[in-house]
Amino acid sequence: MNTPTVLVTGATGTIGSALVPALRARGVTVRAMTRDPDRPVPGAETVVADLREPESVAAALKGVDAAFLNSPSAPDAAELQIRFADLARDAGVHRLVLLSQYAAHADSPVRFLRWHAEVEAHVQELGLDHTVLRPNLYLQALLAFAGTIAQGWFAAPIGDAAVSAIDTRDIAGAAAAVLTSTGHTGHTYTLTGPRAVTHAQIAQALSAATGQDIAFHDAPADQFTAALTGVLPPWQLEGLVEDYAHYARGEAAEVHTSVTDLTGHPARDVTDFARDYAAAFIPAE
Ligand SMILES: NC(=O)c1ccc[n+]([C@@H]2O[C@H](COP(=O)([O-])OP(=O)(O)OC[C@H]3O[C@@H](n4cnc5c(N)ncnc54)[C@H](OP(=O)(O)O)[C@@H]3O)[C@@H](O)[C@H]2O)c1
């Protein structure tokens, strides 16, 4: 019998790059999607396709048994994901695993959560075997702050709110489990770390792992916006501020057991993340 083929979108990205080896370890054939013809993905059959080019996506989906759908954050992300899901159904893909976000909801004040809810609602109507993964804030998102963290500080408009942030390696582990085992049809799994942590606690974990003094400063939203104006496009910056307001209201602090339930391993703690990524937060010599 042929081994099943799983298509991984965003295969060179944060989740995808951890998902490809996790799937390989489970013995399936991995087809890794990238837009870059010069970027073969190790351990996978690489397919060149762009979510904005439907013909390339349809070709990438040929002969695929299951697909993992993740797209970069973009103003048209919902449209691109909905079109991918339709093409997956047309191609006869048996199972679709959708990467969404913690607290996705059509009425959310956070635009990203509304976009994810729109895709979830569409996928639920398609009649495909589907599963939704809703991860909370990525611990790896801290890598975007590495420049100032290496100088001893980082700032965000979150106050002392706790968030059950998750290591993206655990999201990949959970996705690999759902893509390769049965019993997940129609389920929505909220994926979190093992505890909710404040940004001050994150700073403590980074300090302990790096041996440097790292402080967290709460930043008013307008100051945070001013610092990133011109760095991020307006839609993304406004969305990020909405995300932080949602965290600051304490709306992202629930701890769920889905990572352990799906993978058989406890979710990584912020101290594990800090230990494994310490080098990224240490000033260059
Ligand atoms: N950051 C968080 O804390 C957080 C929390 C929960 C959920 N999320 C969700 O995670 C998703 C974004 O994840 P991320 O920022 O970590 O991104 P990412 O997965 O690292 O995305 C980048 C990937 O997207 C691929 N890509 C870019 N444009 C593409 C296109 N037009 N067609 C096909 N592939 C394309 C890139 O591949 P190539 O360049 O190789 O083509 C790359 O592999 C969003 O849906 C976001 O809402 C994020």
Side-chain angles (χ1 to χ4, degrees), residues 1-72 74 76-100 116 118-133 135 168-169 171-189 191 262-263:
M1 201 177 97
N2 288 341
T3 56
T5 297
V6 178
L7 177 71
V8 175
T9 58
T12 61
T14 320
I15 309 294
S17 58
L19 178 56
V20 170
L23 284 169
R24 288 272 298 156
R26 286 173 175 265
V28 295
T29 301
V30 182
R31 190 177 293 174
M33 190 170 126
T34 173
R35 292 163 304 166
D36 186 348
D38 298 323
R39 205 167 171 190
V41 176
E45 174 194 315
T46 305
V47 65
V48 176
D50 188 323
L51 290 170
R52 294 199 170 85
E53 292 169 9
E55 302 76 25
S56 70
V57 174
L61 282 162
K62 277 211 180 93
V64 162
D65 298 287
F68 175 71
L69 175 54
N70 174 31
S71 79
D76 58 348
E79 188 190 322
L80 295 177
Q81 293 195 6
I82 284 170
R83 188 165 65 197
F84 179 97
D86 288 346
L87 290 167
R89 177 207 47 203
D90 296 348
V93 170
H94 302 303
R95 182 177 298 175
L96 181 66
V97 175
L98 173 66
L99 188 100
S100 178
H116 280 299
E118 190 184 336
V119 183
E120 286 188 13
H122 185 81
V123 165
Q124 274 147 17
E125 295 299 314
L126 273 185
L128 272 178
D129 169 342
H130 68 275
T131 305
V132 175
L133 303 179
T168 54
R169 295 170 292 181
I171 304 171
V178 169
L179 283 158
T180 57
S181 61
T182 54
H184 310 294
T185 304
H187 287 260
T188 295
Y189 296 111
L191 303 177
L262 292 169
T263 67

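- A donor-acceptor pair is defined here as one N or O able to donate and one able to accept, closer than 3.5 Å; such a pair exists between the side chain of R83 and the backbone of L51.
- In this structure, A49 and R35 approach most closely via the heavy-atom pair O-CG, 3.3 Å.
- Side-chain contact between Q81 and V123: absent, with no pair of heavy atoms (C-beta onward) separated by less than 4.5 Å.
- Shown here for D36 and T34, the closest heavy-atom pair between the two residues is N-OG1, 3.0 Å.
- The two residues V64 and A60 come nearest to each other via the heavy atoms CG2-O, 3.6 Å.
- Counting heavy atoms from C-beta outward, H130 and L98 have side chains that stay 4.5 Å or more apart.
- Under the 4.5 Å side-chain criterion, counting only non-hydrogen atoms from C-beta, H116 is not in contact with V132.
- Between I171 and L99, some side-chain heavy-atom pair lies under the 4.5 Å cut-off.
- With values rounded to the nearest 0.5 angstrom, R26 atom CZ is found 4.0 Å from T180 atom OG1.
- Using bins of under 30°, 30° to 60° and over 60° for the plane-to-plane angle, the ring pair H184/H187 lands in the perpendicular bin.
- Smallest separation of non-hydrogen atoms from V20 and P42: CG1-O, 3.9 Å.
- Checking side-chain atoms of T9 against main-chain N and O of N70 turns up a donor-acceptor pair under 3.5 Å.
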List the steps and the verdict of side-chain contact (heavy atoms from CB on, under 4.5 Å) for R95 and T182. CA-CA 10 Å; R95 182 177 298 175; T182 54; 4.0 Å; yes
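- Taking 4.5 Å as the limit, every side-chain heavy atom of T46 sits out of range of all side-chain heavy atoms of R39.
- The structure places OG1 of T263 at 10.0 Å from CG of L191, a figure rounded to the nearest 0.5 Å.
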Would D129 and H94 count as a side-chain contact (heavy atoms from CB on, under 4.5 Å) here? Give the steps. CA-CA 6 Å; D129 169 342; H94 302 303; 5.6 Å; no
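- Annotation: side chain of F84 is in contact with side chain of L96 (closest heavy-atom distance under 4.5 Å).
- We find the OG-CZ distance between S17 and R169 to be 11.0 Å, quoted to the nearest 0.5 Å.
- Closest heavy-atom contact between A77 and P72: CB-O, 4.0 Å.
- By the 4.5 Å heavy-atom criterion applied to side chains, L87 and P54 are counted as neighbours.
- R24 places a side-chain N or O within donor-acceptor distance of the main-chain N or O of G43, the cut-off being under 3.5 Å.
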Report task. Please step through side-chain contact (heavy atoms from CB on, under 4.5 Å) for the pair F68 and L23, ending with a clear verdict. Result -> CA-CA 11 Å; F68 175 71; L23 284 169; over 6 Å; no
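- Shortest non-hydrogen contact noted between P135 and L133 is CD-O, 3.2 Å.
- For the atom pair T188 OG1 and E120 CD, the distance stands at 5.5 Å (nearest 0.5 Å).
- Counting only heavy atoms from C-beta outward, the side chains of V6 and L19 never approach each other to under 4.5 Å.
- To the nearest 0.5 Å, atom OG1 of residue T5 and atom CG of residue L61 are 12.0 Å apart.
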